[in-house]
Amino acid sequence: MNLTKASSLSWLLSAPFLFAACSSNNSSEKQEEAAEIKFLSTPLISHMYTADPSAHVFDGKIYIYPSHDVQSEVEEDDSGAHFNMRDYHVFSMDKINSTPVDHGRALDVDDVPWAKRQLWAPDAAHKDGKYYLYFPAKDYDNIFRLGVAVSDSPTGPFIPQPEPMKGSFSIDPAVFQEGSDYYIYWGGIWGGQLQKWRTGEYLSTGDSPYDDEPADDEPAISPMVAKLSSNMLEFGESPRPILIQDKDGNPITAGDHERRFFEAAWVHKYNDTYYFSYSTGNTHKIAYATGDSPYGPFTYQGVILNPVQGWTNHHSIVEIEGKWYIFYHDTELSGQTYLRNIKMTELTHKADGSIETINPILE
Ligand code: FUB
């Protein structure tokens, strides 16, 4: 743990259930704490650990593309190496309250020639009868890249492309479709390495995930966007950084940990407005910003989801039969920050376009 970061986050240490990595609690104490917590929603899946749920409706059916969390031998560290996931399962639901069906292993890291480890948060898209799974993984140089795998079925199995997407880097791809245009958003700082690409080249100045961040009063590191190529396998244009600004048009700064982008980009459109939502990482919120174009700029608006149990917060937002839902995760089943379980709840857009803040833990 980086002590500078730890001391700046001292409030978190008084809430040990939020930051298992820093807690001295043993596992049974964690479970007792979890038992006392009243959660807004129940886990959707309990036979395995799942996280980072990207939900979509394809041909009238709900599909969820989550990470598959596992216990591994890798020691916990600041870069998240212990989030050492090796495969993906796809889940489907006939209706919003039906039990998700597990369609089995859809992609395994051993089948991806360029990928060594850490299959982190994926997303999927559908075009012309084919389904595309977008995923981050570390390559053999320990650099996160984005990969694509293709299937004739929304549930896979997916056949990976032999190489990562050209020019790709960092984590957490998310695809937003508007008509025949598909936009891919991505990026994550610290363990997600986005800050290491701030000059356009990978900066290998040190091993710490906190190296290479801008100074606190400089603009925060931007998430990225690019339109996908017509075959869905590559960027169809040069990737662009996304500006997240405050209501006066000033960029959110790197030191503004309550509002700056950390990871988990997602875009949805509601009433002609584009909503860019994301995790604030070490302040554990899902925040959102709105704009008039899928490229931004996006103006910070507020918090969609308050901190969940567990360090990470990651979500997707989807319209299902005229209602909006947020899919997210916490650690209710395990009490361990890297063994998560996915959940969902309804999300409300208010008459003025703002989103009602959700408390995943009941008072
Ligand atoms: O699941 C691994 C990583 O944790 C994801 O890529 C991040 O968004 C965070 O949820």
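Atoms within each ligand, like the ligands themselves, are counted from 1 in listed order.
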Just list the side-chain donor-acceptor pairs under 3.5 Å for residues 159-166, sequence neighbours left out, or say none.
| unit_1 | atom_1 | unit_2 | atom_2 | d |
| --- | --- | --- | --- | --- |
| K166 | NZ | E234 | OE2 | 3.4 |

Inset, instruction - State yes or no: are the ring centers of W186 and Y134 separated by less than 6.0 Å? - result: no
Legend entry - Polar proximity ligand 1 side, H329 side, N/O cut 3.5 Å exclusive: no
Legend entry - Under-4.0 Å heavy-atom contact with ligand 1, by part of H315 that carries it: neither
Legend entry - Nearest-neighbour protein heavy atom for atom 10 (O) of ligand 1, which is reported as residue plus atom name and distance: D52 OD1, 2.6 Å
Legend entry - Ligand-side contact atoms (ligand 1) for residue partner M85, heavy atom cut-off under 4.0 Å: 1 (O), 2 (C)
Inset, instruction - Mark the output for R340 as yes if a heavy-atom distance to ligand 1 is under 4.0 Å, and as no if none is. - result: yes
Inset, instruction - Measure the distance from atom 9 (C) of ligand 1 to every protein heavy atom, then report the residue, atom name and distance (to 0.1 Å) of the closest one. - result: E263 OE2, 3.3 Å
Legend entry - Residues in salt bridge (charged side-chain N to carboxylate O under 4.0 Å, His left out) contact with K285, at least two apart in sequence or another chain: E258
Legend entry - Check: H349 side chain, Y270 main-chain N or O, donor-acceptor pair, under 3.5 Å: no
Legend entry - Centroid separation Y88 to H68 less than 6.0 Å: no
Legend entry - Close-contact set for ligand 1 against D172 heavy atoms, below 4.0 Å: 5 (C), 6 (O), 7 (C), 8 (O)
Legend entry - Y288/F298 aromatic ring centres below 6.0 Å: no
Legend entry - Location of contacts on A121 toward ligand 1, heavy atoms closer than 4.0 Å: both
